[in-house]
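So that the names make sense, note that chain A is the first sequence line, chain B the second, and so on, each numbered from 1.
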Protein chains: 2
Amino acid sequence: MSARQVADAEGELAAGPIKEKTRRPVLRGAHARDRVLTAALEVLADRGLAGFSMEAVAHRAGASKPTLYRRWRSPGELLVDAMDASFRPIPLPATGDLRSGLVELLSTFERLLDQQHFPGLLAAFMDAAERDPRLKSLHADLTEHRREPLRLLLARARDRGEIPAEADIELAVDLLGGPLFYRRFVAHRGYREGYVSGVVDHVLRSLGHTSPSPSPSPTIDGGGWTPGKERSPAGRLDQRWPTAREG
Amino acid sequence: MSARQVADAEGELAAGPIKEKTRRPVLRGAHARDRVLTAALEVLADRGLAGFSMEAVAHRAGASKPTLYRRWRSPGELLVDAMDASFRPIPLPATGDLRSGLVELLSTFERLLDQQHFPGLLAAFMDAAERDPRLKSLHADLTEHRREPLRLLLARARDRGEIPAEADIELAVDLLGGPLFYRRFVAHRGYREGYVSGVVDHVLRSLGHTSPSPSPSPTIDGGGWTPGKERSPAGRLDQRWPTAREG
DNA sequence: ACTCATCGATACGGTATCGTAGCACCGATA
DNA sequence: TATCGGTGCTACGATACCGTATCGATGAGT
């Protein structure tokens, strides 16, 4: 029992407004959960797996350690939930020809890679995926969802006959998305003006695309990485993920 | 002072061949430095940035903490030196045609990505590069060196007229290397048979390559998704991964 | 207005790493 | 052979995080 707590109680009895550090409203239940997951992703983006600790997350979330431990039995469980909650769908371009659709999608992604938190978060995910098979498959799932729009656009174009029926769509997706990742996380170079459209044009040409006609495309919302809705709750994790200390 | 040390001393005085394990020969100077840098890269590959500690490196190197601190003032300095020493050049293919040269280079790289330590190390590098500008530029330099062979092959082909003079070689390098990285670290899928040649063929076609030899597209699609094959944990690496001082 | 599950704050022992110090030992050099 | 400097070993206080227990406070539903 601390002296300050006693003082607070007396303050209430004295009917005077407590002017010392006011307690901000404490949201509970699902709200607290979201707050913690968001904080977890922020910590992960800022400091990577190395700085990902229950204490750091609790501090950033304005929560207490026991609150975290009540919901997640280990840092590993929290990490899994946070990763799982990090996905936010990229809106499918509304339309038009294949080329402008692809350019729009990749441009959206290019902007994502320029945001503050996303690259740090993705780098942490890639690193984490290399250390733990569970995180690897989780990351694979997230990526699978992110690939969906590209795959869909290509499949539609193939059905329309703009792309040969034998075209390897999976490979095409790799060719489209790979360079952006590579350039950002490995080569560490910026994207020149028109880089995205350069990639798209090359890939379409390699696919034998019979182009209707190129058209300038507007850009849409950058998505974001903040945890959205809860998806599949990903299996419970009984053990901690491999960390520096013991295990 | 330990009893064992005393026992060692007595063993010498007894003039008998020291048959107990005792001490292995202690290499000094540059040897000790290399040993530590190699250990540092191993630790980094195994446990990532989160598990990269002076104690862990010292233990794996069979060195003592003070020895590490005598040479590097902090874990950060050691990390920088280790990254810097990690580069090992990929041999330039004995020149055949452009296509086979590219396939050979990418195949070599594909094999690298299948080795035990390399992916973990690269993931750690990517993560580290996002946290520290110094490591980022270091990583950028390393990558720059790795891109060189691809760039050289493409430039020669361009000079020979096999590729249009306006071809964007930097973009071509991204298109060639990106998918391998993306597939390994983001999509977490295995490489199908003929994946590399598929990438090369598509990129060459996109560049408008006038091929001297036929380049039939091999297996088409299949979409087979081979999640990272489990490799035996006992499997030692007889082929050395990028190690110190070989730069 | 009342109750209760939930939350924040604090404290605690335990462990891992940090960065430094002192000492014994041995490889290299003269 | 004798020195000299690099090296391994142990120990130390300090710090950070772990995972848990306890208690007071409070939001939300009745």
Does A/R71 make a side-chain N or O approach to OP1 or OP2 of C/dT6 shorter than 4.0 Å?
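It does not, given that no N or O in the side chain of A/R71 lies less than 4.0 Å from OP1 or OP2 of C/dT6.
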
Kindly say if A/R73 contacts the phosphate of D/dC18, meaning a side-chain N or O under 4.0 Å from OP1 or OP2.
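So the side chain of A/R73 is outside the cut-off, no N or O lying under 4.0 Å from OP1 or OP2 of D/dC18.
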
Which nucleotide, [options], lies nearest any side-chain atom of [X]?
X	options	answer
B/A32	D/dT7, C/dC18, C/dT20	D/dT7
A/K65	C/dA11, C/dC18, C/dG22	C/dA11
B/P75	C/dG22, C/dG19, D/dT22	C/dG19
B/Y69	C/dA9, D/dT10, C/dG19	C/dG19

Which residue lies more 5' along DNA chain C, comparing B/S53 with A/T67 via nearest heavy atoms
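Whichever sits nearer the 5' end wins; that is A/T67.
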
Is [X] salt-bridged to [Y], going by a charged N under 4.0 Å from an acidic O?
X	Y	answer
B/R189	A/E144	yes
B/E77	B/R71	no
B/R184	B/D114	no

Atom CZ of A/R60 with >12 non-hydrogen neighbours under 6.0 angstrom
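Counting neighbours around CZ of A/R60, more than 12 heavy atoms of other residues, nucleotides or ligands fall under 6.0 Å, so yes.
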
Is it the case that the ring center of B/F109 lies less than 6.0 angstrom away from the ring center of B/F181?
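Here the rings of B/F109 and B/F181 have centres that are less than 6.0 Å from each other.
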
Would a distance-only check, ignoring hydrogens and angles, find a side-chain to backbone donor-acceptor pair under 3.5 Å from A/R131 to B/G120?
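Yes, the answer is positive, given that a donor and an acceptor are paired below the 3.5 Å cut-off.
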
Compute the bend angle of the helix from C/dA1-D/dT30 to C/dA30-D/dT1 from the end axes (five pairs per end), rounded to 10°.
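The helix from C/dA1-D/dT30 to C/dA30-D/dT1 shows an end-to-end axis angle of 30°.
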
